[in-house]
There are 4 protein chains.
Amino acid sequence: MQFRDSVSIYLQIADYICEKILLKEWKVDERVPSVRELAMQLEVNPNTVMRTYEFLQQQNIIYNQRGIGYFVGTDAIKNATQYRKTEFMDNELPVLFRNMYMLGMDVEELKPRFEKYKKQNFS
Amino acid sequence: MQFRDSVSIYLQIADYICEKILLKEWKVDERVPSVRELAMQLEVNPNTVMRTYEFLQQQNIIYNQRGIGYFVGTDAIKNATQYRKTEFMDNELPVLFRNMYMLGMDVEELKPRFEKYKKQNFS
Amino acid sequence: MQFRDSVSIYLQIADYICEKILLKEWKVDERVPSVRELAMQLEVNPNTVMRTYEFLQQQNIIYNQRGIGYFVGTDAIKNATQYRKTEFMDNELPVLFRNMYMLGMDVEELKPRFEKYKKQNFS
Amino acid sequence: MQFRDSVSIYLQIADYICEKILLKEWKVDERVPSVRELAMQLEVNPNTVMRTYEFLQQQNIIYNQRGIGYFVGTDAIKNATQYRKTEFMDNELPVLFRNMYMLGMDVEELKPRFEKYKKQNFS
DNA sequence: GTGGTCTAGACCACC
DNA sequence: GTGGTCTAGACCACA
């Protein structure tokens, strides 16, 4: 995994996990990787992953069973959507709109492309 | 300026210059900063800026007068739009669409937000 | 400050701060000690105090102004009361009741003593 | 057993033994564990336990038969109650009252909770 | 093995 | 100066 410099690593890991959940790769009550495991895989310090998991637990996206591990929460999809949507609106939309304005584009132009994208990738 | 790791720096500088032109901060036939000047300002090697300018000249976005400097080209806006639009469609739209799909969002949702954005920032 | 072994240090520090607020020693919008300052005073690692402050911010008991410091929140008393009351009910009451049962005491016995205590200490 | 730092260990062991007696786990004239045995179990120095037993003998809570061991005294319950009650009043009540004052609580609030506690744990 | 807490020490951005 | 993040490494309780 490649980390951007502009955002905290632990939040980027949170996004990574939310994506796994939102794309249904990780299902409700399924175990997520252990702190140490994910830390090793992403080549970060276990404390950093711990921080991500604490954060996601707070957002009711994952829950914990002591001595066993972290699991995808019951309302994970709802809560992950809400969390990521806020982030998306605040951070990504302005960049998008700026580009669209610069390029003289309209929202209408996106419509058919979005349909095409969904057909190609998720069906 | 903050550079991402994923794209060549000289292309990121090209984007930066295109933005200046598309947002009408730099007008047709106006002189763009000298290679040394921009290199110093962006804290990169002059060779990198040189590469950007050669690239933009190829795209007919800027032109060169030997011994004097580089200038915004006559059709700069048209050509910059075309160049950036290709990039936007190929690189940024897929990321956007992936997020929108994950979050269960529709293009329609963007419409009023885009209007609001334009009103707030460019009027 | 003396720390018990049974509870996390960062939570004991949280209790300490809640007491300061509940006993009106620290007022709303007043600055609390800086992370480093309190860490030095309590002879713990700054990270531990940082953790306390993050926790208390989450509970809406203190808030943060970047580069300036942490401050007592508007609803600090309400939120601190709620937080500490839960803790009190769950952890301290059972110990109290166990002792009272062992000693054959009744709640009624406490009544006049509590009045006396309040008169002596807070008036 | 977990020892607090603030009180002598031998007194904490005395409390432990009083509890056993007050909760009727150890009956009158029953033999209490030998000094060595209890020291091993609690992982303390036998001298410390010896000190506890001497102290409790002074309080007429246990008595000694040389060469045989220590036994729960005839008036153990009365004397243990008296001993523990003094301690409770002097040390634990002030802490309790301080918390109740801070949290704006009243003795009345404790009444139904105490009843519930007794029902759940001792019936 | 799991998570949870703590220390030491570093570097950063903001004020 | 302030907080915020990250690493490295340690030790603990729980299972």
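So that the names make sense, note that chain A is the first sequence line, chain B the second, and so on, each numbered from 1.
Salt bridge annotation for D/Glu30-D/Lys27: absent, with no cationic side-chain nitrogen under 4.0 angstrom from a carboxylate oxygen. Taking the charged nitrogens against the carboxylate oxygens, A/Glu54 and C/Arg51 do have a contact shorter than 4.0 Å, which makes a salt bridge.
Here the OG atom belonging to D/Ser34 is positioned 7.5 Å from the CE atom belonging to D/Met40, to the nearest 0.5 angstrom.
Applying the 4.0 Å criterion to OP1 and OP2 of F/dT7, one finds that A/Thr48 has a side-chain N or O inside that range. Side-chain nitrogen and oxygen atoms of A/Asn64 include at least one within less than 4.0 Å of the OP1 or OP2 phosphate oxygen of E/dG4.
Side-chain atoms of A/Glu37 lie closest to E/dT2 of the nucleotides E/dT2, F/dG4, E/dG9. The side chain of A/Ile9 has F/dC6 as its nearest neighbour among F/dG4, E/dT7, F/dC6. Among F/dG3, E/dT5, F/dA8, the nucleotide with an atom closest to any side-chain atom of C/Arg36 is F/dG3. The side chain of C/Ser8 lies closest to E/dT5, out of F/dG4, E/dT5, E/dG3. When the nucleotides F/dG4, E/dT2, E/dG4 are ranked by their closest atom to the side chain of A/Tyr70, E/dG4 comes out on top. Distance from the side chain of A/Ser34 is smallest for E/dT2 among the nucleotides F/dT5, E/dT5, E/dT2. Side-chain atoms of A/Met50 lie closest to E/dT5 of the nucleotides E/dT7, F/dC6, E/dT5.
The CD atom of A/Gln65 sits 12 Å away from the P atom of E/dG4 (whole-angstrom rounding). Computed from coordinates, the A/Arg51 CZ to F/dG3 C1' distance equals 11 Å when rounded to whole Å. Rounded to whole Å, the distance from CD on C/Gln58 to C1' on F/dG4 is 15 Å. Rounded to whole Å, the distance from CZ on C/Phe55 to C1' on E/dG4 is 14 Å. Taking atom OH of residue C/Tyr10 and atom C1' of nucleotide E/dG3, one finds them 12 Å apart after rounding to whole Å. Rounded to whole Å, the distance from CG on A/Asp5 to C1' on E/dA13 is 12 Å. Separating the CG atom of C/Leu38 from the P atom of E/dC6 is a distance of 14 Å, rounded to the nearest angstrom. Distance, C/Glu54 CD to F/dC6 C1': 13 Å, rounded to whole Å.
Residues C/Val7 and A/Pro33 both approach DNA chain E. Their nearest nucleotides, taken by heavy-atom distance, put A/Pro33 toward the 5′ side. With the nearest nucleotide of DNA chain E identified for both A/Arg66 and C/Asn45, A/Arg66 has the one nearer the 5' end. Heavy-atom distances to DNA chain F give each of C/Ile68 and A/Gly67 a nearest nucleotide, and the one nearer the 5′ end belongs to C/Ile68.
The ring of D/Phe88 has its center no closer than 6.0 angstrom to the ring center of D/Tyr83. In this structure, the ring of C/Tyr63 has its center no less than 6.0 angstrom from the ring center of C/Tyr70.
Both tests do not hold together for B/Lys119 against B/Tyr117: distance to the six-membered ring centre under 6.0 Å, angle to the ring axis within 45°.
Within 4.0 Å of C/Tyr53, counting heavy atoms only, lies no atom of the nucleic acid at all. Across all strands shown, C/Asn47 has heavy atoms under 4.0 Å from base atoms, whether or not it also approaches the sugar-phosphate.
Base-pair partner of F/dC14: E/dG1 (Watson-Crick or G-U wobble, both distances under 3.5 Å).
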